[in-house]
Amino acid sequence: MAGSSPAMFTSHLSQMFVMADLTTILCHEFTNPLVVPHIQSLPEDAGETLGEAAQVDRWHYEVNPNLACPMVRAVSGKDYFVDEMAMVVLQPNDVEEVPVVIQHWFRKKGTTWGDVSPLLLSEDRALFIIDKHPGCSWNILLSYFRLSVLDLCKPTVQQERSIPAPDRITGLPRSLVHLLYNIHYLATSNLAPPLEMMEELVEQLW
């Protein structure tokens, strides 16, 4: 438990126990060079395969995307956020950019994809309208994203494209879970049972 900021607590039934700080443990994980390359921070579309926690449909479709993974960073260094607007191309050699709003991010075959809804322009080109017709949801490779919402907030970009200003989300693979450096002591007591100690964990999570 060294370095995990352990502290003494008393449960509602007056049992004493020691618990480490969950935030500190997670910070250590994301700075551990042996661990961080294997952390899966995006849901994964693996087809019919189901072998990892990231591959379950609930993470992909049911978890609020602002909690599941609210942002990804492209190779260009641009950040793209869910529920924000972006400009994409539909084919790698396309010149014409299409406005979309990002719904959520996921991985497929080792690459990052965005599930997006296309945006339509009103007749006077003063408003964007989300196209919610059935089937109007596209899966777009991250490498096809061209402009982020920060780009689209620039007046020069809006003038060039004659568009209005934009209005205006892990786990480790199972094969690595049981390695020694991925196992952490979170709490211990020779008096308090596990459920009492978990009360403090719930407090840390909230």
Side-chain angles (χ1 to χ4, degrees), residues 1-7 9 17-86 88 100-116 137-146 148-150 169-188 194 197-206:
M1 299 181 73
S4 59
S5 304
F9 296 93
F17 62 94
V18 175
M19 176 168 282
D21 182 64
L22 183 59
T23 302
T24 302
I25 292 175
L26 292 176
C27 288
H28 288 171
E29 292 297 275
F30 276 89
T31 56
N32 185 339
L34 297 175
V35 174
V36 73
H38 305 290
I39 293 178
Q40 298 174 353
S41 58
L42 287 172
E44 180 183 4
D45 182 354
E48 298 298 319
T49 302
L50 181 56
E52 305 290 348
Q55 295 166 350
V56 299
D57 284 347
R58 286 199 169 190
W59 189 358
H60 194 168
Y61 298 109
E62 296 182 25
V63 176
N64 185 326
N66 284 291
L67 300 176
C69 186
M71 182 273 286
V72 299
R73 177 165 293 167
V75 174
S76 63
K78 294 181 180 180
D79 296 333
Y80 295 94
F81 294 83
V82 297
D83 296 332
E84 295 283 8
M85 182 181 163
V88 304
V100 298
V101 62
I102 303 163
Q103 303 295 342
H104 65 259
W105 297 104
F106 65 97
R107 288 185 65 77
K108 183 177 181 180
K109 296 181 179 179
T111 55
T112 301
W113 295 68
D115 182 32
V116 305
S137 179
W138 304 335
N139 292 335
I140 305 291
L141 268 169
L142 177 59
S143 58
Y144 290 7
F145 282 72
R146 294 293 182 261
S148 70
V149 69
L150 293 180
I169 301 246
T170 30
L172 291 171
R174 291 172 61 192
S175 60
L176 300 177
V177 165
H178 299 295
L179 294 179
L180 185 60
Y181 52 77
N182 290 327
I183 299 173
H184 302 280
Y185 288 99
L186 187 59
T188 184
M197 292 188 287
M198 289 305 101
E199 292 174 355
E200 179 57 33
L201 176 59
V202 172
E203 291 295 324
Q204 290 189 25
L205 292 173
W206 286 103

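Since this is a predicted model, take the numbers as computed values, not measurements.
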task: Go through the side-chain N and O atoms of S148 and D79 and say whether any donor and acceptor fall under 3.5 Å apart.
output: no
message: Checking the side chain of D45 only, and the main-chain atoms of G47 only, is there a donor and an acceptor separated by less than 3.5 Å?
response: yes
message: If I compare all heavy atoms of K78 with all of R146, which pair ends up nearest, and what's the gap?
response: NZ-O, 2.8 Å
field: Side-chain heavy-atom pair V88, V116 within 4.5 angstrom cut-off
entry: no
message: Once rounded to the nearest 0.5 Å, what's the spacing between atom CD of E200 and atom CG of D21?
response: 9.5 Å
Heavy-atom pair of closest approach, residues E29 and I39: O-CD1, 4.2 Å
Heavy-atom side-chain proximity of I140 to V100 below 4.5 angstrom: no
task: Check each of K109, R107, Q55, K108 against E44 using the side-chain hydrogen bond (donor to acceptor under 3.5 Å, both in side chains) test, and report the only one that passes.
output: Q55
task: Go through the steps to decide whether V72 and L142 satisfy the test side-chain contact (heavy atoms from CB on, under 4.5 Å), and finish with yes or no.
output: CA-CA 9 Å; V72 299; L142 177 59; 3.9 Å; yes
- prompt: In Å, rounded to the nearest 0.5 Å, how long is the span from CG of L50 to CD of E48?
  reply: 10.0 Å
statement: Rounded to the nearest 0.5 Å, the NE2 atom of H104 sits from the OH atom of Y61 at a distance of 6.0 Å
query: Does some side-chain heavy atom of N32 sit less than 4.5 Å from a side-chain heavy atom of H28?
result: no
field: Heavy-atom check, side chain of V36 versus side chain of T31, under 4.5 Å
entry: no
task: Name the orientation class of the two ring planes belonging to F145 and W105 (parallel below 30°, tilted from 30 to 60°, perpendicular beyond 60°).
output: tilted
Closest heavy-atom pair and its distance - L42, A54: O-CB, 3.8 Å
CG-CD distance between L150 and E84, expressed to the nearest 0.5 angstrom: 8.5 Å
query: Is any side-chain heavy atom of S137 closer than 4.5 Å to a side-chain heavy atom of D115?
result: yes
task: Return the orientation label for the H60 and F106 ring planes: parallel under 30°, perpendicular over 60°, tilted otherwise.
output: tilted
query: Where is the tightest heavy-atom contact between W59 and Q40, given as atom of each residue plus distance?
result: CH2-O, 3.3 Å
